[in-house]
K.L.:
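One structure, as structure tokens, below. Some questions next.
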Amino acid sequence: MSDLKDVSKDFVEVVKYEEREFAPPADFVARANMADPAVYHRAAADPEAFWAEQAEHLHWFQKWDQVLDWSDAPHAKWFVNGKLNVAYNCLDRHIEAGKGNKVAFYFEGEPGDQRVITYQELKDQVCQLANALTELNVVKGDRVVIYMPMIPELVVSLLACARIGAPHTVVFGGFSADAVRDRINDSTAEIVITADGGFRRGAPSGLKVNVDEAVKGAPTIEKVLVYKRTGQDVDWVEGRDFWWNDVVDRQSTEHEAEPMDSEDLLYLLYTSGTTGKPKGIVHTTGGYLVGTTYTHRNVFDIKDDDVYWCAADIGWVTGHSYICYAPLANGATSVMYEGTPTYPAPDRWWDIIERYKVSILYCAPTAIRAHMKEGHQHADKHDLSSLRLLGSVGEPINPEAWMWYHRHIGQEHCPIVDTWWQTETGGIMISPVPGLTTTKPGSATFPLPGIEADVVDEQGNSVPLGHAGFLVIKKPWPSMLRTLYNDDQRYIDTYWGKFGNMYFAGDGAARDEDGYYWLLGRVDDVMNVSGHRLSTAEIESALVSHDLVAEAAVVGQPDELTGEAIFAFVTLKNRAHPGDERDFGQELRNHVAKKISPIAKPKRIMFTPDLPKTRSGKIMRRLLRDIASGHALGDTTSLANQDVVNQIQDATTSAAQDE
Ligand code: PRX
């Protein structure tokens, strides 16, 4: 999180030194799914015809009457009156085409357990769960909360919900009981699907225990369906809790997929915004599947014989779109891995790539940087020659990490697709097309065919090449969010309020002299820590919910490994006696972990007698950001309490010297 001035500075720094370019290799171009550059022009000339063409790749029970209805902007309707079922597109149609024995997933658990699941087997399991959910009184339109580890039953759960038309809302397994409770309450779900626990860094971690805690404050929940993954002890509430094995395994493998309207709700996914309350992003059925399958087919150049691995977590949008829905709808074979990248040894990922002959790897820069820190000798031990394409997502990839990925993992022959998108966009928006685009390390290159983006100033005017501004999208696209659940006004204000007729992404960006897009980070109060999206306001409200805390201000600090790190400035209540500062800092970190998630724990906490404020009492975060980033302080004339800034600055400098 930074403002436009900071990001412009960063842009000049990065681009000044970056002159390397990588054209797509000739053998890649020769086989590429998208190889004619005219596609950009064709899509721009008639976007609706272009998107209709993409929609033809799916199976529709009933064809649409109109591609796009934008008459009620900014509320889009795509493929109006079209009827389809997402699970049918992901499973049944491939089986009907004779591909039932094709592998859908090679699953590997963290302890090393392996399962090979074909399309037929996946469909059977999805139908069984769909029948079980029906038996548990879940009907079309009911929301289902899913809180599971990264195991195949998580995919089965998403697809079973889609099959019966019950929108799901997945809560990332690393989130706390409080986060689960808030999402249940906002979506008023009556059922949670969970597991006893999952494996993380060699030990079972509990999930059911968090659901039990969450449900105490979530009166709508009537049923909890529990998959046994770790075998750990769990508490049990008779009549409310059901073992998956008891309810699902005895069901029929036959189930008729429910025809859904193109605009029916497919899922909600909560993500951090600029206030303390997470936003329920609404994705609907037809446009979402068209957008995600189109991007997956062309950005990953997916072929029938590829082994594709998206090493994200289904708790985030990347996993929804590019582990579950798009790869299955495109009939791909994927690897799915449960655990941490470096467990039990730093070469775990490279070992997986060698054993399953992975040809496409898609992951976050933070993982690349973590591997880079471990050293390329771990990758060198393995045969990575099956790889032909690499992807990056979730945060800006610094040119150094890009080059390491290119050299040591891609062995200098794999194109890299740096894909920019958001929970809100549903699918990839700005990215190289690997058979067409000459890449530059650190640039996401160009908007995909069909996507019209721009970089604008405060007034919404396009800025010249070579300058930074706000990233906007100028035309609706099929996989866009439709609104925020139960908060349409916030949808309008957040995304369309700033420029009226353009979608404001919340990111800063610049184009270089060749028109390449360089993403420069958030320009609002959203942080990106290890590719995880977190809101400063949410962490601040977790901090002030502690009895001894009076006020808190949270800012992002540049971090080599995690992109941004969380820096919290905390003022205690009068007469609070926290004891030892270090111990109390730890207590506060644990408090935040309990309220949100361990990933939201501040890396640094500074206790200060006061926070810098304007005369009207507003906290001047910009100054705190400058202090945390070691930048020269901006304008301080409106500051009411100059002394505090000097004190904080001195304390930060001496703390940095101590480290
Ligand atoms: O700031 C951008 C950053 O991640 C934000 C979206 O976060 P989330 O909704 O959690 O989705 C992450 C996975 C799509 C964006 O506003 N971001 C995502 N991809 C990139 C990126 N920043 C730079 N380069 C990217 N490739």
Side-chain angles (χ1 to χ4, degrees), residues 4-5 7-25 28-29 32 34-47 50 294-295 298-299 301 365 391-393 395-399 402-403 406 415-422 425 427-477 499 501-523:
L4 213 47
K5 261 197 208 131
V7 297
S8 311
K9 214 162 20 189
D10 294 345
F11 169 62
V12 173
E13 288 300 305
V14 174
V15 177
K16 194 164 60 186
Y17 298 110
E18 195 44 74
E19 288 178 344
R20 292 168 288 208
E21 292 191 355
F22 297 87
F28 195 101
V29 175
M34 191 178 260
D36 180 1
V39 63
Y40 286 96
H41 178 72
R42 193 161 60 77
D46 191 348
F50 179 76
Y294 156 69
T295 47
N298 294 300
V299 172
D301 189 52
S392 165
V393 58
E395 45 181 324
I397 178 165
N398 46 312
W402 198 103
M403 286 306 299
H406 168 71
I416 296 182
V417 287
D418 171 9
T419 62
W420 177 86
W421 58 293
Q422 310 177 295
T425 68
I428 300 169
M429 304 291 279
I430 302 181
S431 165
V433 174
L436 281 176
T437 314
T438 293
T439 53
K440 299 185 185 187
S443 165
T445 73
F446 303 104
L448 290 174
I451 303 298
E452 195 184 323
D454 202 353
V455 179
V456 300
D457 62 17
E458 280 286 353
Q459 286 70 44
N461 301 314
S462 195
V463 301
L465 297 184
H467 292 268
F470 301 104
L471 179 65
V472 294
I473 312 292
K474 294 173 92 167
K475 282 215 168 76
W477 64 100
F499 299 114
N501 56 352
M502 297 187 278
Y503 170 85
F504 172 47
D507 277 83
R511 279 169 301 203
D512 65 18
E513 299 297 336
D514 301 324
Y516 280 66
Y517 281 70
W518 297 76
L519 275 304
L520 302 170
R522 303 287 307 194
V523 289

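Predicted, not measured: the structure shown is a model, and the values here were computed from it.
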K.L.:
For D454, what residues pass the side chain to side chain donor-acceptor pair (under 3.5 Å) criterion, not counting sequence neighbours?
P.N.:
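Residues passing side chain to side chain donor-acceptor pair (under 3.5 Å) with D454: S462, K474, R511.
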K.L.:
Atom CH2 of W477 and atom CD1 of I451: how far apart are they, to the nearest 0.5 Å?
P.N.:
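Separation between the atoms: 7.0 Å.
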K.L.:
Measure the CZ-CG distance between F446 and L436 for me, rounded to the nearest 0.5 Å.
P.N.:
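That separation rounds to 11.0 Å.
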K.L.:
For the residue pair P24 and P434, what are the closest heavy atoms and their distance?
P.N.:
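In this case the closest contact between P24 and P434 is CB-O, 3.2 Å.
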K.L.:
State the CE-CD distance between M429 and E452, to the nearest 0.5 angstrom.
P.N.:
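Going from CE on M429 over to CD on E452, the span is 11.0 Å.
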K.L.:
Under 4.5 Å between any side-chain heavy atoms of I416 and F22, yes or no?
P.N.:
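Side-chain contact under 4.5 Å: no.
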K.L.:
Which atom names give the shortest non-hydrogen contact between Y40 and P447, and what distance separates them?
P.N.:
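The pair with the smallest heavy-atom distance is CE2-O, 3.5 Å.
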K.L.:
I want to check something: taking the side chain as every heavy atom from C-beta on, are T445 and D418 in contact at a cut-off of under 4.5 Å?
P.N.:
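No; the side chains remain at least 4.5 Å from each other.
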K.L.:
Mark yes or no for whether D512, through its side chain, and D514, through its backbone, hold a donor-acceptor pair below 3.5 Å.
P.N.:
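A pair under 3.5 Å: yes.
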K.L.:
Identify the two heavy atoms, one from K440 and one from W402, that lie closest to each other, and give their separation to 0.1 Å.
P.N.:
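Looking at all heavy atoms of both residues, the shortest contact is O-NE1, 4.3 Å.
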K.L.:
Within this structure, what is the OG1-CD distance for the pair T437 and E21, rounded to the nearest 0.5 Å?
P.N.:
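Result: 12.0 Å between the selected atoms.
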K.L.:
Not counting sequence neighbours, which residues clear side chain to side chain donor-acceptor pair (under 3.5 Å) with Y294? List them please.
P.N.:
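Side chain to side chain donor-acceptor pair (under 3.5 Å) check on Y294 returns nothing, list empty.
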K.L.:
What are the two closest heavy atoms between A43 and G450, and how far apart are they?
P.N.:
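Residues A43 and G450, closest heavy atoms: CB-N, 3.4 Å.
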K.L.:
Starting at CD1 of I397, measure out to CG of L519 and round the result to the nearest 0.5 Å.
P.N.:
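I397 atom CD1 to L519 atom CG measures 12.0 Å (nearest 0.5 Å).
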K.L.:
Taking side chain as C-beta onward, heavy atoms only, is L448 less than 4.5 Å from N298?
P.N.:
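No; the side chains remain at least 4.5 Å from each other.
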K.L.:
Taking the six-membered ring for Trp, are F470 and F499 parallel (under 30°), tilted (30 to 60°) or perpendicular (over 60°)?
P.N.:
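Plane angle between 30° and 60°, so tilted.
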K.L.:
If every non-hydrogen atom of A468 is compared with every non-hydrogen atom of A510, which pair is closest and at what distance?
P.N.:
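Of all heavy-atom pairs spanning A468 and A510, the closest is CA-CB, 3.6 Å.
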K.L.:
Nearest 0.5 Å please: distance from the CE atom of M403 over to the CG atom of N398.
P.N.:
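The CG atom of N398 is 12.0 Å from CE of M403, to the nearest 0.5 Å.
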K.L.:
Run Y517 and L471 through side-chain contact (heavy atoms from CB on, under 4.5 Å) and show every step you take.
P.N.:
CA-CA 9 Å; Y517 281 70; L471 179 65; 3.9 Å; yes
K.L.:
Any side-chain heavy atom of H406 within less than 4.5 Å of one from P441?
P.N.:
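H406 does not reach P441 side chain to side chain.
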K.L.:
Just so I know, are the side chains of V433 and P449 near enough to count as touching, which here means a heavy-atom distance under 4.5 Å?
P.N.:
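Yes, close enough: below the 4.5 Å cut-off.
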K.L.:
So T438 and Y516, do their side chains get closer than 4.5 Å, heavy atoms only?
P.N.:
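Yes, close enough: below the 4.5 Å cut-off.
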K.L.:
Within the structure provided, determine whether V417 and I428 are in side-chain contact (heavy-atom separation under 4.5 Å).
P.N.:
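V417 does not reach I428 side chain to side chain.
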K.L.:
Could I get the full list of ring-ring contact (aromatic ring centres under 6.0 Å, His included) partners for W420, not counting sequence neighbours?
P.N.:
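Once residues adjacent in sequence are excluded, W420 has no partner under the ring-ring contact (aromatic ring centres under 6.0 Å, His included) criterion.
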K.L.:
Where is the tightest heavy-atom contact between A45 and P47, given as atom of each residue plus distance?
P.N.:
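Nearest heavy atoms, A45 then P47: C-CD, 3.8 Å.
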